Q: 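One structure is given below, represented as structure tokens, and several questions about it will come after.
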Amino acid sequence: MKKFLIKISYTILPMWLFLTGLTIYYNFYIKPRETKEFGALGKIDFGEIYNEQIPDKLYYTIKKSPETVKNCSPDVLTIGDSFSQQGKIGYQNFIAQNGISVINYEPYNAHMINPFQSAYDLINQNYLDSMAEKTLIVETVERNIILWLKFMTFDNNRVKTYEKPKQTKISEQKEAQTNTQKSLLIEAKNFLMMNLNVVKKPTRHCKLTKDLFVDKFARDLYFYQNDIENGTTIPSELKSTVKQNLGRLFNKAEEKRINIKILIAVDKYDLYQDYIENNPYQPKTVNEEIEKLTNGDPRIIYTKKILKPYIDNGEKDMFYVNDSHWSAKSATIVGNYLVENLK
């Protein structure tokens, strides 16, 4: 027994102490400082670096299923990914503050659902008949636009509600408790693996040639790896698909007399790429290629064109340094641009 205890003292015990210490250090010191999306994804200590003035309330309405949208007739209906689910600092809130009625279609897991497909299905299945002569804004982030258009289908029986599965309060509590217990050690392990470069971070980091972010991160560009990995150009074999499927969506909206607009939320990498020091990546030209394919169709709005002049003039924090989404400042600019466009 004595030999066994001695053996444990220099084998298992040190490892247990290390893991316990790592778990405590990570969960109580580092994790609370992993602010916004990239803090959590990349296990990066950003700290609390933003203290924004945000609108006091939500000025637009959210609908969760096709049935709840069916008889609505707002001035504007928005369908989109996570850029359309930013709540009080979303571009819709700044549109709505101008006296324009706005509804955002936000089913469960909206950020993972193809917005082009959702829009086509809702129009095709007559859920948006009340939107005749009104405006439908279909928003997508640039890095996903080719995938969304590539995998569009035109089946007449496709509409889904995407509702969250119902759970009892007891099952929800048990699930939350189990997930918390598992995550304490797993997240600490992931933190260690990422910082030892054993596991690749889902974020990329480059230095900038001028100050474009806040404080100590002024020249640090953190962006989502899929800005690059999903492609910096449109593959030649997909160009006809992109053009054709956009055309089918436009035609379906015209058939129902809906004023449709496509809003492309620029990738963070694309917006800042001109100011990356010794840029190791290929230039991204997806926006420009779509504009060429569609002959400059005015129904497609490129937020890169709206926001890039601000970057060129040295405006800071057009995107959050620690997130893949634009800031409230940019959402305001985009929202106000859309108000003028709607007029």
Side-chain angles (χ1 to χ4, degrees), residues 22 25-27 29-52 81-83 86 89 111 141-147 183 186-233 264-287 303-304 307-308 310-331:
L22 174 66
Y25 170 73
Y26 171 75
N27 285 284
Y29 179 74
I30 298 296
K31 189 172 182 178
R33 298 179 57 79
E34 291 176 352
T35 49
K36 289 196 177 288
E37 181 185 18
F38 288 164
L41 283 176
K43 307 300 178 194
I44 303 168
D45 178 2
F46 285 106
E48 294 294 342
I49 54 178
Y50 292 109
N51 183 21
E52 294 180 302
D81 52 33
S82 57
F83 278 80
Q86 291 186 283
I89 60 169
H111 64 287
V141 67
E142 180 184 357
R143 61 179 164 267
N144 289 337
I145 190 169
I146 307 306
L147 291 172
S183 67
I186 292 173
E187 290 296 295
K189 181 204 72 173
N190 291 340
F191 165 73
L192 179 64
M193 295 296 99
M194 285 185 185
N195 282 276
L196 292 176
N197 294 318
V198 176
V199 174
K200 188 177 179 181
K201 291 185 179 183
T203 55
R204 301 287 178 92
H205 174 250
C206 293
K207 298 300 288 187
L208 298 170
T209 57
K210 66 178 183 178
D211 294 358
L212 289 172
F213 292 101
V214 69
D215 299 335
K216 64 180 180 179
F217 299 103
R219 296 200 176 193
D220 290 294
L221 178 68
Y222 292 89
F223 61 92
Y224 191 36
Q225 64 180 6
N226 283 4
D227 286 5
I228 298 295
E229 293 185 357
N230 282 10
T232 54
T233 62
I264 303 178
V266 61
D267 284 344
K268 192 176 185 181
Y269 168 77
D270 190 355
L271 189 64
Y272 288 91
Q273 63 181 325
D274 290 348
Y275 297 100
I276 294 177
E277 192 175 88
N278 301 317
N279 191 351
Y281 305 110
Q282 293 293 319
K284 191 156 193 172
T285 57
V286 171
N287 281 284
T303 60
K304 180 179 179 178
L307 301 178
K308 184 63 159 53
Y310 290 88
I311 300 290
D312 295 338
N313 288 330
E315 188 69 38
K316 292 183 179 181
D317 299 307
M318 296 302 290
F319 271 63
Y320 296 111
V321 68
N322 51 354
D323 205 288
S324 67
H325 298 88
W326 55 43
S327 63
K329 181 189 297 184
S330 289

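In this chain, numbering begins with 1 at the start of the sequence shown. Bear in mind the structure is a predicted one, so any value in this text is a computation, not a measurement.
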Q: Between Asn287 and Glu142, do the side chains contain a donor N or O and an acceptor N or O under 3.5 Å apart?
A: yes
Q: What closest approach, in Å, do Phe213 and Asp220 show between heavy atoms, and which atom pair accounts for it?
A: CD1-O, 3.3 Å
Q: Distance only, no hydrogens: is a donor on one side chain within 3.5 Å (strictly under) of an acceptor on the other, for Ser324 and Glu37?
A: yes
Q: For the residue pair Tyr50 and Asp317, confirm or rule out a side-chain donor-acceptor distance under 3.5 Å.
A: yes
Q: Quick check: are there more than 12 heavy atoms from other residues, nucleotides or ligands sitting under 6.0 Å from CG of Asp312?
A: yes
Q: At what distance, to the nearest 0.5 angstrom, does OG1 of Thr232 lie from CG of Asp270?
A: 9.5 Å
Q: Who pairs with Asp227 by salt bridge (Lys or Arg N to Asp or Glu O under 4.0 Å), at least two apart in sequence or on another chain?
A: Arg143
Q: For the atom pair SG (Cys206) and CG (Leu221), what is the distance rounded to the nearest 0.5 Å?
A: 6.0 Å
Q: How long is the span from the CG atom in Leu208 to the CG atom in Asp274, to the nearest 0.5 Å?
A: 11.0 Å
Q: Apply side-chain contact (heavy atoms from CB on, under 4.5 Å) to the pair Phe319 and Val266, showing each step before the final yes or no.
A: CA-CA 10 Å; Phe319 271 63; Val266 61; 4.2 Å; yes
Q: Evaluate side-chain contact (heavy atoms from CB on, under 4.5 Å) for Gln225 paired with Asn230, printing each intermediate quantity in order.
A: CA-CA 8 Å; Gln225 64 180 6; Asn230 282 10; over 6 Å; no
Q: Answer yes or no: is there an ion pair linking Glu48 with Lys36, defined by an N-O contact shorter than 4.0 Å?
A: no
Q: Evaluate the criterion side-chain contact (heavy atoms from CB on, under 4.5 Å) for residue pair Asn322 and Phe217; output intermediate values, then yes/no.
A: CA-CA 9 Å; Asn322 51 354; Phe217 299 103; over 6 Å; no
Q: Is it true that Asp267 and Tyr224 share a donor-acceptor pair across their side chains at a distance under 3.5 Å?
A: no
Q: side-chain contact (heavy atoms from CB on, under 4.5 Å) for Arg219 and Tyr275? Distances and angles first, verdict last.
A: CA-CA 10 Å; Arg219 296 200 176 193; Tyr275 297 100; over 6 Å; no
Q: What's the separation between atom CD1 in Ile311 and atom CE in Met318, rounded to the nearest 0.5 Å?
A: 5.5 Å
Q: List for me each residue that meets side chain to side chain donor-acceptor pair (under 3.5 Å) alongside Thr233, sequence neighbours excluded, and say none if there are none.
A: none
Q: Okay, side chain of Ser327, backbone of Tyr320: is any donor-acceptor separation there less than 3.5 Å?
A: no
Q: Verify, without hydrogens or angle tests, whether Lys304 (side chain) and Ile264 (backbone) share a donor-acceptor contact under 3.5 angstrom.
A: no
Q: Can you tell whether the side chains of Lys329 and Glu52 come within less than 4.0 Å, N to carboxylate O?
A: no
Q: Side chains of Asp81 and Asn144: do they bring a donor and an acceptor to under 3.5 Å?
A: no
Q: Does Lys207 have more than 12 heavy atoms from other residues, nucleotides or ligands lying within 6.0 Å of its NZ?
A: yes
Q: Would you confirm whether Lys308, through its side chain, and Leu271, through its main-chain N or O, come within 3.5 Å as a donor-acceptor pair?
A: no
Q: Once you measure the plane-to-plane angle for Tyr269 and Phe223, does it fall in the parallel (<30°), tilted (30-60°) or perpendicular (>60°) bin?
A: tilted
Q: Taking C-beta and beyond as the side chain, do Ile49 and Val321 meet within less than 4.5 Å on heavy atoms?
A: yes
Q: Other residues, nucleotides and ligands only: do more than 12 of their heavy atoms fall within 6.0 Å of CD on Glu315?
A: yes
Q: Got Arg204 and Glu229 here, is their nearest side-chain heavy-atom distance under 4.5 Å?
A: yes
Q: Ring centroids only, cut at 6.0 angstrom: are Phe38 and Phe46 within range, meaning strictly under it?
A: no
Q: So do the side chains of Phe83 and His325 get within less than 4.5 Å of each other, counting heavy atoms only?
A: yes
Q: Minimum heavy-atom separation for Ile89 and Ala331, please, with both atom names.
A: O-CB, 3.1 Å
Q: For a 4.5 angstrom cut-off between non-hydrogen side-chain atoms, does Gln273 reach Pro283?
A: yes
